[in-house]
K.L.:
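Quick one: the structure is below, questions incoming.
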Amino acid sequence: MLKISNIFSLPEHEIEMSAIRSQGAGGQNVNKVATAIHLRFDISASSLPEYYKQRLLTLNDQRISKEGVIIIKAQEYRSQEQNREEALQRLQDLIKSAISLPKPRKPSKPTRSSQRRRLDSKTKHSHLKTMRGKVIDE
């Protein structure tokens, strides 16, 4: 069971994990042993509440495919078990980030002094630009 929140946990059978060979340098270990983990999680076929599913599907994340499948590849560590834990942790973090609501923005007014500074800089700038004009001799 993958614990998402105090209320909800995700069953292991909904998460599809397969071991693949890692990329990059690593000597014989990389060539012989499948240590990287390829995790696939189908959002629409899962037992997640509808609210969680909608929030996940609206995320603009490159790990979520157009079909609604989360694909995570973990290959940071040399052992398969550590990579498995890392992939599950990343999935948990992704789901938690989707269900957390952003803090509501409180509208604020600019202070009088900041308004005055802005207007002063505008008048200085306009004066500078008028001084760049043609010189009129009388």
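Computed from heavy atoms alone, side chains included, the values below leave out hydrogens, waters and symmetry copies.
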K.L.:
Is the backbone of I37 close enough, under 3.5 Å, to the side chain of Q75 for a donor and an acceptor to pair up by distance?
P.N.:
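It does not hold such a pair.
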
K.L.:
Sequence neighbours left out, what pairs pass salt bridge (charged side-chain N to carboxylate O under 4.0 Å, His left out) with at least one residue falling in residues 80-107?
P.N.:
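Listed by first then second residue: E81-R84, E86-R90.
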
K.L.:
Which residues pass the side chain to side chain donor-acceptor pair (under 3.5 Å) test with S47, not counting sequence neighbours?
P.N.:
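Result, side chain to side chain donor-acceptor pair (under 3.5 Å) vs S47: E14.
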
K.L.:
Would a 4.5 Å heavy-atom cut-off, applied to side chains only, mark L39 and I71 as touching?
P.N.:
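No, side chains not in contact.
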
K.L.:
My understanding is that only residues two or more places apart in sequence, or in another chain, count here; which of them pass side chain to side chain donor-acceptor pair (under 3.5 Å) with S114?
P.N.:
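In terms of side chain to side chain donor-acceptor pair (under 3.5 Å), with neighbours along the sequence ignored, S114 is linked to T111.
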
K.L.:
Who are the side chain to side chain contact (heavy atoms under 4.5 Å, CB included) partners of P104, not counting sequence neighbours?
P.N.:
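Not a single residue meets the side chain to side chain contact (heavy atoms under 4.5 Å, CB included) criterion with P104.
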
K.L.:
To the closest 0.5 Å, what do you measure between OG1 (T35) and CZ (R21)?
P.N.:
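Between T35 OG1 and R21 CZ, I get 10.0 Å after rounding to 0.5 Å.
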
K.L.:
How would you list, by chain and number, every residue that makes a side chain to side chain contact (heavy atoms under 4.5 Å, CB included) with R132, sequence neighbours excluded?
P.N.:
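Scan of R132 (side chain to side chain contact (heavy atoms under 4.5 Å, CB included), adjacent residues dropped) gives L128, K129.
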
K.L.:
How close do A19 and A34 get, heavy atom to heavy atom, and via which atoms?
P.N.:
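Residues A19 and A34, closest heavy atoms: CB-O, 3.7 Å.
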
K.L.:
In this structure, which one of K124, H125, M131 forms a side-chain contact (heavy atoms from CB on, under 4.5 Å) with H127?
P.N.:
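Filter result, single survivor: M131.
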
K.L.:
Could you tell me whether a side-chain N or O of N83 sits under 3.5 Å from a main-chain N or O of E76, the two making a donor and an acceptor?
P.N.:
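Between the backbone of E76 and the side chain of N83 there is a qualifying donor-acceptor contact (under 3.5 Å).
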
K.L.:
For E50, what residues pass the salt bridge (Lys or Arg N to Asp or Glu O under 4.0 Å) criterion, not counting sequence neighbours?
P.N.:
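So E50 forms a salt bridge (Lys or Arg N to Asp or Glu O under 4.0 Å) with K53.
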
K.L.:
Is the shortest heavy-atom distance from the side chain of F41 to the side chain of L94 under 4.5 Å?
P.N.:
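Not in contact.
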
K.L.:
In chain order, what residues pass the side chain to side chain donor-acceptor pair (under 3.5 Å) check against D120, with sequence neighbours excluded?
P.N.:
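None.
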
K.L.:
With sequence neighbours excluded, what pairs up with Q82 under the side chain to side chain donor-acceptor pair (under 3.5 Å) test?
P.N.:
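Partners of Q82 by the side chain to side chain donor-acceptor pair (under 3.5 Å) criterion, ordered by chain and then number, come out as S79.
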
K.L.:
Output all residues satisfying side chain to side chain contact (heavy atoms under 4.5 Å, CB included) with I99, sequence neighbours left out; order by chain, then residue number.
P.N.:
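Per chain and number, I99 pairs via side chain to side chain contact (heavy atoms under 4.5 Å, CB included) with I4, Y52.
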
K.L.:
Are M17 and I70 joined in one hydrophobic group, where the rule is that I, L, V, M, F, W and Y side chains link up if heavy atoms are under 4.5 Å apart?
P.N.:
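Both belong to a single hydrophobic cluster.
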
K.L.:
Please go through I20's hydrophobic cluster and name the other residues, only I, L, V, M, F, W, Y counting, with side-chain heavy atoms under 4.5 Å joining them.
P.N.:
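Noted: I20 shares its cluster with no other residue.
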
K.L.:
Please tabulate, for side-chain N and O atoms in residues 54-63, each donor-acceptor pair with protein atoms closer than 3.5 Å (sequence neighbours left out).
P.N.:
from : atom 1 : to   : atom 2 : distance (Å)
R55  : NE     : A98  : O      : 2.8
R55  : NH2    : A98  : O      : 3.2
R55  : NH2    : S100 : O      : 3.3
T58  : OG1    : Q54  : O      : 3.1
T58  : OG1    : R55  : O      : 3.0
D61  : OD1    : R63  : N      : 2.9
D61  : OD1    : R63  : NE     : 3.1
D61  : OD2    : R63  : NH2    : 2.9

K.L.:
Is there a side-chain contact between V69 and I43, using heavy atoms and a 4.5 Å cut-off?
P.N.:
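In short, these two side chains do not touch, never coming nearer than 4.5 Å.
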
K.L.:
Name all residues meeting the side chain to side chain contact (heavy atoms under 4.5 Å, CB included) criterion together with K122; count only those two or more places apart in sequence or in a different chain, and write none if there are none.
P.N.:
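With neighbours one apart ignored, the set is R118, L119.
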
